[in-house]
S.K.: 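Would you mind keeping the following structure in view while I ask a few things?
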Protein chains: 2
Amino acid sequence: MALRHAVLAALLDEELSGYQVTKAFAAGVANFWHALPQQVYAELAKLEKEGLVAGREVVQEGRPNKRVFRVTGEGLAELESFASAAAKPSFLREDLLVQVQAADHLDAGVLIERLTERYAFAEAKAALFEEQLHRMRGGLDEADFLLRGASRVGPYLTCRRGRDFERANRDWCREVMEVLRARGAEGRGGA
Amino acid sequence: MALRHAVLAALLDEELSGYQVTKAFAAGVANFWHALPQQVYAELAKLEKEGLVAGREVVQEGRPNKRVFRVTGEGLAELESFASAAAKPSFLREDLLVQVQAADHLDAGVLIERLTERYAFAEAKAALFEEQLHRMRGGLDEADFLLRGASRVGPYLTCRRGRDFERANRDWCREVMEVLRARGAEGRGGA
DNA sequence: TCCTCATAGTCAAGAAAGTGACTAGTCAGT
DNA sequence: ACTGACTAGTCACTTTCTTGACTATGAGGA
């Protein structure tokens with residue numbers, strides 16, 4: 001029951017179509033959630049049936065019509081009740097962690113490949129988030145924006161968490177690679 | 001197909017029973033994965049049927065007997081092939097992020113409660129990981145342990161990631177709270 | 001004696017999430 | 001005319017995760 005709230009939260013600031021929500025959640029841009037189109041459409045259908053969002057047909061020229069959704073009063077109430085219940089903390093759950101856990105029994109070269117890929121991915125994603133943050137805060141410096149900025153700070157803060165998360169991933173990958181390389185050199189007759 | 005590899009990785013360094021694996025994965029201690037007993041037992045049964053782990057009955061006195069498992073050669077091969085395939089990067093997926101995303105539309109007081117809880121949880125968990133790290137590296141300082149330590153560095157490195165993740169969560173919670181409080185004061189007639 | 005806790009493990013059912021394939025229209029190139 | 005990419009949305013299926021209950025045994029405390 002978390003995707004539904006993520007969808008509601010995404011619709012708070014603007015009316016979006018299912019397709020647009022999907023885009024916002026798509027790999028690379030999602031700062032606070034991730035889901036595939038099928039899940040988003042299914043959830044929107046359920047939310048509409050329950051009256052938490054209201055859909056509206058938008059006729060377009062040159063491309064297919066779409067249905068955009070906005071959050072209703074009931075939807076906002078649902079979000080508030082979600083926020084008043086304790087949030088369950090999530091765990092790190094990443095393939096790469098499992099692979100590094102087994103590092104002492106696996107080939108270091110293969111692992112370093114994985115770490116290199118993840119490093120590049122993290123770097124790229126962090127840069128993307130950084131850009132987004134820059135756009136959001138406009139001309140203002142961060143402290144000013146957060147204290148007195150006119151626009152919504154929620155999305156900014158979650159985006160920051162996303163950026164810092166990927167930076168941490170990147171730094172961890174670098175360090176693990178250093179350790180694996182150093183131990184490899186040591187084992188083959190280094191210092 | 002990641003739980004199976006997590007279980008294999010957990011069994012690499014010692015023979016464990018399903019119950020012990022569950023404990024290792026239990027909330028609070030799991031540094032690289034999390035799963036409930038039912039999942040662990042089911043996965044172990046499947047792994048044994050496929051010959052990736054081998055079970056052995058251990059008769060105990062004063063408590064129920066147990067079956068402990070060790071990874072077979074085939075199991076290790078499975079892990080190696082898992083490590084040679086690209087790992088899919090995971091996303092942050094946490095209730096609290098959704099709640100903060102909606103922060104501008106919700107009551108700040110309620111959110112601050114959630115953030116306070118998460119802050120305390122993160123702090124406690126980071127401390128736990130820190131203890132574990134200390135135990136693992138024994139007397140050595142970190143650089144020495146990582147380069148020349150006799151014991152396995154995989155678990156140490158994943159534990160470090162867990163600790164840093166929770167520290168980052170803690171710091172983020174603190175900052176979000178500061179922003180919410182500052183904006184609240186501003187709104188009610190501050191500076 | 002009864003109660004609770006820790007060890008050790010299992011069954012059944014359901015919600016949530018993920019995968020693959022597919023329709024249908026428009027536009028830009030080649 | 002054909003190809004590929006983008007917008008917009010849907011169907012069917014499977015895997016994974018979570019919830020709740022349940023069976024045993026033994027140890028320690030009120």
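Protein chains get the first letters and strands the later ones, always in sequence-line order, with residue 1 at the start of each. All of these numbers come straight from a predicted model, not from anything done at the bench.
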S.K.: Could you check how far OH of Tyr19(B) sits from P of dA24(D), rounded to whole Å?
M.R.: 18 Å

S.K.: NE2 of His34(B) versus C1' of dT18(D): gap in Å, rounded?
M.R.: 10 Å

S.K.: May I ask you to decide if Pro89(B)'s main-chain N or O and Asp95(A)'s side chain share a donor-acceptor pair within less than 3.5 Å?
M.R.: no

S.K.: In this structure, how many angstroms lie between the P atom of dA8(C) and the CD atom of Glu15(B), rounded?
M.R.: 14 Å

S.K.: Is a side-chain donor or acceptor of Asn169(A) paired with a backbone partner of Ala122(A) at a separation under 3.5 angstrom?
M.R.: no

S.K.: Using only side-chain N and O atoms of Tyr41(B), determine if any of them is under 4.0 Å from OP1 or OP2 of dT10(C).
M.R.: no

S.K.: Report yes or no: does Tyr41(A) contribute a side-chain atom to a donor-acceptor pair with the main-chain N or O of Tyr19(A) at less than 3.5 Å?
M.R.: yes

S.K.: Where the side chain of Trp172(A) meets the backbone of Leu157(B), is there a donor-acceptor pair that is under 3.5 Å apart?
M.R.: yes

S.K.: What is the distance, to the nearest angstrom, from the CD atom on Gln60(B) to the C1' atom on dT7(C)?
M.R.: 8 Å

S.K.: State whether Arg160(A) and Glu142(A) are salt-bridged, where the test is any N-O pair (Lys NZ or Arg NE/NH1/NH2 against Asp/Glu carboxylate O) under 4.0 Å.
M.R.: yes

S.K.: Determine, for Lys88(A) against Glu94(B), whether the closest basic-nitrogen to carboxylate-oxygen distance falls under 4.0 angstrom.
M.R.: no

S.K.: Does this structure show an ion pair linking Glu166(B) with Arg118(B), if we count only N-O contacts that are shorter than 4.0 Å?
M.R.: yes

S.K.: For the pair made of CZ in Phe25(B) and C1' in dT18(D), what is the distance, rounded to whole Å?
M.R.: 17 Å

S.K.: Can you pull every protein N or O that's under 3.5 Å from an N or O on nucleotides 20-22 of chain D?
M.R.:
unit_1  : atom_1 : unit_2   : atom_2 : d
dG20(D) : O6     : Gln38(B) : NE2    : 2.6

S.K.: Would one find a side-chain N or O of Lys66(B) under 4.0 angstrom from OP1 or OP2 of dA24(D)?
M.R.: no

S.K.: If you restrict it to nitrogen or oxygen atoms, what contacts under 3.5 Å exist between nucleotides 23-28 of chain C and the protein, and what is each distance?
M.R.:
unit_1  : atom_1 : unit_2   : atom_2 : d
dT26(C) : O3'    : Gly62(A) : O      : 3.0

S.K.: Charged N to carboxylate O below 4.0 Å: is that the case for Arg167(B) and Glu123(B)?
M.R.: no

S.K.: For the residue pair Phe25(A) and Phe32(A), categorise the inter-ring angle as parallel (less than 30°), tilted (30 to 60°) or perpendicular (more than 60°).
M.R.: perpendicular

S.K.: Taking only nitrogen or oxygen atoms into account, show me every contact under 3.5 Å that the protein makes with nucleotides 14-17 of chain D, one pair per line with its distance.
M.R.:
unit_1  : atom_1 : unit_2   : atom_2 : d
dT16(D) : OP1    : Met1(B)  : N      : 2.5
dC17(D) : OP1    : Arg93(A) : NH1    : 3.0
dC17(D) : OP2    : Gln39(B) : NE2    : 3.3

S.K.: Would you call Glu117(B) and Arg114(B) a salt bridge, using N to O less than 4.0 angstrom?
M.R.: yes

S.K.: With no hydrogens and no angle check, is any side-chain donor or acceptor of Arg174(A) less than 3.5 Å from a backbone partner on Leu115(A)?
M.R.: no

